[in-house]
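Only one structure is covered here, and it is reproduced in the block below.
All residue numbers refer to positions in the sequence shown, counting from 1. Since the structure is predicted, the reported quantities are computational estimates derived from the model, not experimental observations. In listed order, ligands and their atoms are each counted from 1.
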Amino acid sequence: MTFALVIHRLVILLCLQLFPTIVETYHNISLGSSLIASDDNSSWLSPSGDFAFGFQRIGTEGFLLSIWFNNIPEKTIVWYARTRTETLLQKGSKVELTNGGDFLLYDNQGLETWNSFKHRVAYASMLDTGNFVLINEDFVTIWQSFGDQTDTILPTQILDRGTESVLVSRHTQTNYSRGRFQLQLQPDGNLELYAAYDPSVAAPIYWESSTKQTGFQLVFNQSGHIYLTQTNGSILINLTPANVTSTSNFYHRATLDYDGVLRQYVYPKISMTGETSGVPKSWFTVWSVPPDICSSLKDPWGSGACGYNSYCRQDENQRPTCECPPGYNYTDPSNKLGGCSPNFVPQSCSASSQEAHLFDMKEIPQTDFAGHDYENLISITEESCKEACLNDCLCAIALFRDEVCWKKGFPFTNGIMEVGMSGKIMVKVGRENFSHHSDNDLNNDHTSTKIFIKQLLLSGSMAINLIFMSATILFTMWRYHNRTQKVLPYMLDMNVQAFTYKELALATNSFKEELGRGASATVYKAVLASGQRHIAAGRLDLLVEDDEEVIDDMKRLEKLVMIAIWCIQEEPTLRPTMYKVTQMLEGVVDVCVPPNPCTIPTSD
Ligand SMILES: *[C@@H]1O[C@H](CO)[C@@H](O)[C@H](O)[C@H]1NC(C)=O
Ligand SMILES: *[C@@H]1O[C@H](CO)[C@@H](O)[C@H](O)[C@H]1NC(C)=O
Ligand SMILES: *[C@@H]1O[C@H](CO)[C@@H](O)[C@H](O)[C@H]1NC(C)=O
Ligand SMILES: *[C@@H]1O[C@H](CO)[C@@H](O)[C@H](O)[C@H]1NC(C)=O
Ligand SMILES: *[C@@H]1O[C@H](CO)[C@@H](O)[C@H](O)[C@H]1NC(C)=O
Ligand SMILES: *[C@@H]1O[C@H](CO)[C@@H](O)[C@H](O)[C@H]1NC(C)=O
Ligand SMILES: *[C@@H]1O[C@H](CO)[C@@H](O)[C@H](O)[C@H]1NC(C)=O
Ligand SMILES: *[C@@H]1O[C@H](CO)[C@@H](O)[C@H](O)[C@H]1NC(C)=O
């Protein structure tokens, strides 16, 4: 036995002597005990019932081996086993204290998935402090949850100086995988909050106690006060205000929340009288650091307090929220800290001169995205700043402040919105609501047609006429289709009819050029020509009868008919994407003469 172990044992025995009350709270979990993850919530309770150790169900995804406040409806988790895979455990997983003194956690496949303690455990105990302990025959604590912190500390728990004791935030409120934020009392005595994206990357510190050389322990004492001590035990910094509510009437905890803020919370215990009567039953924040993480977490390499392409704002409860710029959505809707992605196809540098029309600049006032600008323009007006970004295919946002324009590309970082901030951000946003679909998304299904019909219905008084026209066109094509299959020479006849369409186009002074454009154009003309017979299409104006509004806008009608024919092409790859359709409707691109849908030999 080493000297250290002897000392350790002596200290334990001494403590047992000095604090006999703690001994009384021991509730032995004896050898041969086990718990199985299931919906009957079986757990090992502390003597008071305040804390439970066992499997808690997390949503529908699975279970966590955890310790929780058992006497409140929230069953707030204060510790959880970080398994090898950091995934939730499935029904049937088992924690067992074997007759041989092994303490083991198996997943539902029977694989050991956490720390194992073999041949050494005499008994285990869930204490009233919230500490779960494994004790050997010499009454030495060989493992305790208080020494294996996750994201929460409780009264009587201590964080030691060094690299062992570290609080790590969880991924989101309901996802217990490791998050980005850590709290550690560094070996040099400085208590630091930092954002650790990756252990190999320099982590930005966003709050510190400034106690280098002097800090020794972070203590959460029995009466609910958290403070930093120095080696001789005297208090360096009090984090908890002196007037904090007592631990006899309130549950206390301090948690490094998933948003990166360290908060001390209190929750009234069940009691109808005294301090807690009339106090709503929920967790109240006593204090938190940093006071404003949005402005404290400036990160030269990473994304800032929020994820990439999003900005941080303190809400009315002084909690940080991460928000997306207009035209952007959360990349992962279940994780608002995970950043945002554009809803539209970002501007491409391969065709920027064309595409600039398809984008708008939207303003977000009192906002900044610090760092990562690739160009700045000085002595410039706001309007020119907007234009400069709009016409630069690399520019995703521009920051304008004091006649200076900073251009930034993707991703944008360190976003913050704050009242009184002097600059404003201008975000380049795709004009189309549909444009987030990739070009292939809609080609092969009927969605484009459906949306198109909806567009037509929404386009005003012409709707009825257009439906009639579409039906006519379809009917015509059906007739034509039947004929082409039977009589090939009829095609030649159609070529003559095509000239009729040319006449029409010339009459309206448009589509002149397209007409000469090869075989498909010729076919299209045949369709209209054959359609004319059925409506006795020689003129489109006959189709719309007395609708003067439409007759006044024949050019637009013609265009709509052509778009309609594009949309009903038999060959799916010829159908335009909805993006293209909206471009055509808005006149951003010209509408080419569509081919006859029936002449593509796909079905034969
Ligand atoms: C707990 O178990 C140990 C080992 O079996 C035993 O020595 C001790 O007396 C027990 N304590 C209580 C409070 O039951
Ligand atoms: C287990 O806990 C859940 C949530 O607290 C509760 O809805 C359910 O009734 C409990 N099941 C049993 C068997 O106690
Ligand atoms: C929690 O987040 C991690 C990291 O994004 C992810 O891999 C994991 O699937 C999530 N777990 C659950 C239960 O959603
Ligand atoms: C806990 O710390 C506070 C503030 O330093 C002190 O007033 C109180 O007496 C301490 N409680 C215990 C049990 O040491
Ligand atoms: C602890 O040390 C500091 C300075 O090192 C001193 O000011 C303080 O009085 C000491 N406290 C005790 C209890 O010795
Ligand atoms: C404690 O004191 C602070 C000011 O120091 C005050 O803002 C807070 O409301 C007080 N809390 C309670 C519970 O009295
Ligand atoms: C999409 O359309 C809606 C309603 O017309 C509008 O409020 C929204 O700003 C549009 N989105 C974009 C990215 O332009
Ligand atoms: C973006 O979010 C809005 C509002 O939550 C939602 O209506 C819209 O469908 C989302 N867009 C995409 C592309 O996910």
Side-chain angles (χ1 to χ4, degrees), residues 15 18-19 21-22 37 55-66 77 80-91 93 107-108 113 128-129 150-151 153-159 161 168-181 188-189 195-199 209-250 252-254 257-260 264 266 286-287 302-303 306-308 310 322 330-341:
C15 291
L18 286 178
F19 302 108
T21 51
I22 294 180
F55 293 98
Q56 186 175 133
R57 184 178 259 298
I58 305 298
T60 54
E61 308 282 322
F63 295 83
L64 266 188
L65 181 65
S66 54
I77 289 177
Y80 44 96
R82 287 208 167 103
T83 57
R84 296 203 204 299
T85 54
E86 290 210 6
T87 53
L88 293 175
L89 296 159
Q90 296 309 306
K91 207 175 212 170
S93 301
D107 65 16
N108 61 337
T113 177
D128 274 337
T129 54
T150 51
D151 60 0
I153 54 172
L154 295 169
T156 73
Q157 191 166 356
I158 286 169
L159 275 192
R161 192 162 65 177
V168 181
S169 66
R170 55 180 90 149
H171 196 68
T172 67
Q173 184 66 39
T174 52
N175 181 328
Y176 290 76
S177 299
R178 258 164 225 269
R180 284 171 52 201
F181 305 104
D188 66 8
Y197 302 90
D198 178 322
S209 61
S210 304
T211 52
K212 281 188 184 157
Q213 316 309 333
T214 50
F216 176 61
Q217 279 186 327
L218 182 70
V219 177
F220 199 162
N221 82 6
Q222 210 169 344
S223 20
H225 291 259
I226 301 177
Y227 47 79
L228 205 57
T229 64
Q230 42 192 323
T231 325
N232 66 11
S234 59
I235 294 176
L236 263 180
I237 293 180
N238 260 318
L239 292 169
T240 308
N243 61 358
V244 72
T245 55
S246 77
T247 42
S248 45
N249 290 324
F250 287 81
H252 284 238
R253 71 182 162 102
D257 283 320
Y258 69 95
D259 59 13
Q264 183 176 350
V266 295
V286 179
W287 59 266
S303 61
C306 291
Y308 290 109
S310 61
C322 295
Y330 296 111
T331 308
D332 170 3
S334 70
N335 177 17
K336 295 191 172 183
L337 270 76
C340 302
S341 311

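The OG1 atom of T211 sits 5.5 Å away from atom CD1 of I237, with the distance rounded to the nearest 0.5 Å. Rounded to the nearest 0.5 Å, atoms NE2 (H225) and NE2 (H252) are 8.0 Å apart. Here the CG atom belonging to L89 is positioned 12.0 Å from the CZ atom belonging to R57, to the nearest 0.5 angstrom. Atom CG of L88 and atom OG1 of T60 lie 9.5 Å apart (nearest 0.5 Å). Atom CZ of F220 is separated from atom OG1 of T129 by 12.0 Å, given to the nearest 0.5 angstrom.
Here's the thing with E61: none of its N/O atoms is less than 3.5 angstrom from an N/O atom of ligand 3. The shortest N/O to N/O separation between N221 and ligand 4 falls below 3.5 Å.
Here the heavy atom of the protein found nearest to atom 11 (N) of ligand 3 is N175 ND2, 2.9 Å. In terms of protein heavy-atom proximity, atom 7 (O) of ligand 4 is closest to H225 NE2, 4.7 Å. The shortest contact between atom 12 (C) of ligand 5 and any protein heavy atom is with N232 ND2, 3.2 Å.
Note that atom 2 (O) of ligand 3 has protein non-hydrogen atoms nearby, at separations under 4.0 angstrom. Within a 4.0 Å radius of atom 9 (O) of ligand 5, the protein contributes no heavy atom. Distances from atom 5 (O) of ligand 5 to the protein include at least one heavy-atom value under 4.0 Å.
Close approach of ligand 4 to I235 (heavy-atom distance below 4.0 Å) involves ligand atoms 5 (O). Close approach of ligand 5 to S234 is summarised as follows: ligand atoms under 4.0 Å from at least one heavy atom of the residue are 1 (C), 10 (C), 11 (N). Close approach to S223 involves these atoms of ligand 4, each under 4.0 Å from a residue heavy atom: 1 (C), 8 (C), 10 (C), 11 (N), 12 (C), 13 (C).
Counting only distance, with no hydrogens or angles, the side chain of T247 and the backbone of Q222 share a donor-acceptor pair below 3.5 Å. Distance alone, capped at 3.5 Å, is enough to place a donor-acceptor pair between the Y330 side chain and the C322 backbone.
Other residues, nucleotides and ligands contribute more than 12 heavy atoms inside 6.0 Å of the CD atom of Q90.
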